[in-house]
Asker: 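Before I ask anything, let me first share the structure, which is written out below as structure tokens.
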Amino acid sequence: MNLKWLEYYDKLVEEKNFSKVATFFGVSQPTITMAIKRLEESYQTHFFERDYRHKTLRLTASGENFHRHVKKILQELALAQTELVRLKARKIKFGLPPIIGTYLFPLLAPQLLQANLLNRMQPVEQGSQRLLSLVSTGSIDFAFIGILDEVKDPNLVVNYFANSTFKIIVSKNHPLAHRTQPLYFKDLASYPFIALTNSFTHNKAFSRLETINAIHPPRIFHTDDIQIVKKLVAQNVGISFITSIALRPDDDLVALDLANKGVPEFKIGLAYRESFPPAPALLDLITTFHPWNN
């Protein structure tokens with residue numbers, strides 16, 4: 001079977017017109033017609049019903065089923081080409097979410113440098129959900145991710161190597177800073193929040209707590225800069241909800257645990273395609289690096 005036949009078939013399903021497909025590929029119309037005929041003869045079925053009067057095509061049930069497989073084949077071949085080009089270039093294109101990039105990746109960088117890997121790595125900075133999509137399509141080789149729920153994509157492998165809890169952060173001058181009783185989400189109903197934008201997993205975790213507890217504290221300001229969040233909280237403008245890995249002793253903040261059951265955890269992992277895992281040395285270095293869990 002000629003690979004071009006599958007490409008012609010895929011385009012014909014899209015265009016429903018032999019002439020347009022021939023023009024697109026720069027070949028004669030009989031070339032397209034013959035390719036489709038040979039495919040149909042190979043599988044002893046008809047993929048299209050032709051209405052010669054109206055000059056239209058309609059996919060048969062067999063044609064629809066075959067097209068699903070053709071799409072997967074063409075996508076896998078395109079992905080293989082991307083991976084082979086990247087292997088030849090010896091560049092490692094990887095995803096780095098903001099918080100992991102700011103607070104965790106710098107801890108790993110010296111080991112990557114020592115292993116002669118850092119100079120080959122090209123970061124792509126996006127939120128975790130967007131990075132998972134880029135890994136799945138082959139746009140990047142792998143991605144660090146911070147998520148709430150396990151990834152269900154069957155084409156992806158995710159090695160989870162650390163967990164982080166979410167904290168309520170307040171100024172040292174805030175009334176909650178001196179609280180001695182357990183803190184529940186319902187206790188925060190009237191406090192204004194400085195919130196991270198929707199691109200952060202934090203927003204999803206906070207919304208989940210709002211839904212479970214049927215409480216919606218006011219969000220007075222949104223930003224995608226966690227340093228701004230911490231500075232505004234330190235100035236007692238509001239309180240916030242962030243993962244503990246983003247907290248440092250010199251932040252001048254008080255971090256409080258929520259006593260509620262079922263508070264989401266921030267799962268940290270490394271996602272890559274099953275067909276294109278990172279080099280074993282790199283994978284082992286990343287997923288067994290001890291300071292991730294500190």
Side-chain angles (χ1 to χ4, degrees), residues 96-105 125-132 144-152 160-269 292-294:
L96 201 57
I99 288 179
I100 294 176
T102 300
Y103 295 98
L104 293 184
F105 187 73
E125 299 179 30
Q126 296 279 349
S128 292
Q129 291 303 318
R130 173 60 180 157
L131 290 174
L132 283 170
F144 294 99
I145 57 170
I147 56 175
L148 304 181
D149 306 306
E150 292 194 2
V151 175
K152 302 298 183 182
Y160 298 97
F161 50 80
N163 289 331
S164 175
T165 56
F166 286 101
K167 305 280 189 179
I168 299 297
I169 58 169
V170 302
S171 162
K172 290 182 177 179
N173 298 321
H174 194 279
L176 290 176
H178 310 291
R179 185 183 179 94
T180 57
Q181 297 177 330
L183 179 67
Y184 291 89
F185 193 75
K186 64 181 178 61
D187 300 322
L188 307 174
S190 61
Y191 290 109
F193 271 79
I194 311 297
L196 289 162
T197 58
N198 288 335
S199 61
F200 284 80
T201 300
H202 294 62
N203 200 292
K204 184 177 180 180
F206 191 79
S207 295
R208 188 173 295 183
L209 284 172
E210 288 182 311
T211 300
I212 293 172
N213 294 278
I215 292 170
H216 301 277
R219 305 188 199 188
I220 60 170
F221 187 75
H222 292 79
T223 178
D224 58 4
D225 189 329
I226 200 161
Q227 294 300 326
I228 291 177
V229 170
K230 292 197 289 186
K231 287 178 180 178
L232 290 177
V233 171
Q235 293 295 319
N236 214 6
V237 175
I239 66 176
S240 194
F241 174 80
I242 66 173
T243 176
S244 59
I245 64 171
L247 295 174
R248 292 291 179 265
D250 59 353
D251 283 333
D252 202 32
L253 297 167
V254 175
L256 305 169
D257 290 313
L258 284 170
N260 302 72
K261 293 182 179 179
V263 176
E265 276 195 322
F266 190 72
K267 296 181 177 68
I268 303 167
W292 291 123
N293 292 301
N294 287 351

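Quick note: numbers below take in every heavy atom, side chains included, and nothing from hydrogens, waters or symmetry partners.
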Asker: Indicate the atoms forming the closest heavy-atom contact of E210 with H216, along with that distance.
Answerer: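 Result for this residue pair: OE2-CA, 3.5 Å.
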Asker: Taking C-beta and beyond as the side chain, do Q129 and I147 meet within less than 4.5 Å on heavy atoms?
Answerer: yes
Asker: How long is the gap from CG on L253 to NZ on K167, to the nearest 0.5 Å?
Answerer: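 The CG atom of L253 sits 13.0 Å away from the NZ atom of K167.
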Asker: Provide the full list of side chain to side chain donor-acceptor pair (under 3.5 Å) pairs with a residue in residues 226-235, sequence neighbours left out, each pair given once.
Answerer: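 Every side chain to side chain donor-acceptor pair (under 3.5 Å) pair that includes a residue of residues 226-235, provided the two are not neighbours, is Y103-Q227, Y103-K230, K230-D251.
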Asker: Atom CD1 of I228 and atom OG of S240: how far apart are they, to the nearest 0.5 Å?
Answerer: 12.0 Å
Asker: Might you point out which heavy atoms bring G101 and L96 nearest each other, and give the distance in Å?
Answerer: CA-CG, 3.6 Å
Asker: I need the I239 CD1 to I220 CD1 distance, nearest 0.5 Å.
Answerer: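 If we round to the nearest 0.5 Å, I239:CD1 and I220:CD1 are 10.0 Å apart.
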Asker: State, to 0.1 Å, how close K172 and A177 come at their nearest heavy-atom pair, and which atoms those are.
Answerer: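 Closest approach of K172 to A177: O-CB, 3.7 Å.
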Asker: Taking the side chain from S164 and the backbone from F266, do they hold a donor-acceptor pair closer than 3.5 Å?
Answerer: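 A pair under 3.5 Å: no.
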Asker: Quick one: closest heavy-atom pair of F241 and A205, and the distance?
Answerer: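 Heavy atoms only, the tightest pair is CE2-CB, 3.8 Å.
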Asker: If you apply the rule side-chain contact (heavy atoms from CB on, under 4.5 Å), what do you find for T223 with L232, and how did you get there?
Answerer: CA-CA 11 Å; T223 178; L232 290 177; 5.8 Å; no
Asker: Does Q126 reach the side chain of S199, with side-chain heavy atoms less than 4.5 Å apart?
Answerer: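 No. Closest side-chain heavy atoms not under 4.5 Å.
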Asker: Just wondering, more than 12 heavy atoms not from R208 lying within 6.0 Å of its CZ?
Answerer: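 Above 12, so yes.
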Asker: Just verifying a value: how many Å separate L258 CG and T165 OG1, rounded to the nearest 0.5 Å?
Answerer: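 That separation rounds to 10.0 Å.
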Asker: Taking the side chain as everything from C-beta on, heavy atoms only, tell me whether D257 gets closer than 4.5 Å to V263.
Answerer: no
Asker: Output a table of donor-acceptor pairs, distance under 3.5 Å, between side-chain atoms of residues 181-196 and any protein atom two or more places apart or on a different chain; print 'none' if there are none.
Answerer:
residue	atom	partner	partner atom	Å
D187	OD2	R179	NH2	3.1
D187	OD2	Y184	N	2.8

Asker: Working to the nearest 0.5 angstrom, can you tell me the gap between I99 CD1 and H202 NE2?
Answerer: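 If we round to the nearest 0.5 Å, I99:CD1 and H202:NE2 are 3.5 Å apart.
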Asker: A234 and D252: which non-hydrogen atoms are nearest, and at how many Å?
Answerer: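 Of all heavy-atom pairs spanning A234 and D252, the closest is CB-O, 4.2 Å.
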Asker: Within the 4.5 Å heavy-atom criterion, are I145 and L132 side-chain neighbours or not?
Answerer: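 With C-beta onward as the side chain, the pair touches.
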Asker: If I take atom OG from residue S128 and atom NZ from residue K267, how far apart are they, to the nearest 0.5 angstrom?
Answerer: 12.5 Å
Asker: Hey, does F200 have a side-chain heavy atom less than 4.5 Å from the side chain of T243?
Answerer: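 The answer is no; the side chains never approach within 4.5 Å.
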